[in-house]
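Values reported hereafter were calculated over all heavy atoms of this structure, with side chains retained and with hydrogens, waters and symmetry mates removed. None of these values were measured; they are calculated from a predicted model.
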Amino acid sequence: MFDNDFSRMDFEEVYERVSRMRRALERKYRPLELDVEHKTAKFKGSSADAYITTLDSCTCADWANNGRDITKPCKHMYRLAHELHLCDL
């Protein structure tokens with residue numbers, strides 16, 4: 001039997017992930033460059049430097065602030081996965 005124990009669910013974490021996914025689709029998060037073969041992309045950064053993004057890392061502050069935890073992708077990582085047709089956002 002499937003156990004639906006919502007008392008153990010971290011709704012704040014769920015909200016944060018959904019929010020990142022939605023923001024990833026915004027026009028301003030369209031990649032500057034996309035390398036399909038190597039599964040990498042460059043995104044416009046908040047300064048002059050571009051963010052270098054792979055499916056398991058990013059040079060943005062959000063990724064660094066989340067402890068570079070692969071279970072908490074940043075919006076650039078979500079957008080890269082979307083651009084590579086690995087997920088539908």
Which atoms form the tightest heavy-atom contact between [X] and [Y], and what is the distance?
X     : Y     : result
Ala50 : Thr59 : O-OG1, 4.1 Å
Arg23 : Tyr29 : O-CD1, 2.8 Å
Cys58 : Tyr51 : SG-CB, 4.2 Å
Lys75 : Ala24 : O-CB, 3.3 Å
Ser57 : Met77 : N-CE, 3.6 Å
Leu80 : Leu55 : CD2-N, 3.8 Å

Strictly distance-based, threshold 3.5 Å: is any side-chain N or O of [X] a donor or acceptor partner for the main-chain N or O of [Y]?
X     : Y     : value
Asn66 : Arg68 : no
Asp35 : His38 : yes
Arg79 : Glu26 : yes

Lys42 side chain near Thr53 side chain, heavy-atom distance below 4.5 Å: no
Plane angle bin for Phe43 and His76 - parallel if under 30°, tilted between 30 and 60°, otherwise perpendicular: tilted
Spacing of CG belonging to Leu89 relative to CZ belonging to Arg22, to within rounding of 0.5 Å: 11.5 Å
Rounded distance (nearest 0.5 Å) linking atom CG of Leu25 with atom OH of Tyr78: 12.0 Å
Under-4.0 Å salt bridge between Asp62 and Arg20: yes
Criterion side-chain contact (heavy atoms from CB on, under 4.5 Å) on Thr71 and Arg17, from CA distance to verdict: CA-CA 10 Å; Thr71 66; Arg17 287 178 192 225; 4.3 Å; yes
Worked verdict on Thr54 versus Lys39 for side-chain contact (heavy atoms from CB on, under 4.5 Å): CA-CA 6 Å; Thr54 68; Lys39 296 183 170 103; over 6 Å; no
Joint cluster assignment, Leu34 & Leu86, ILVMFWY side-chain distance < 4.5 Å: yes
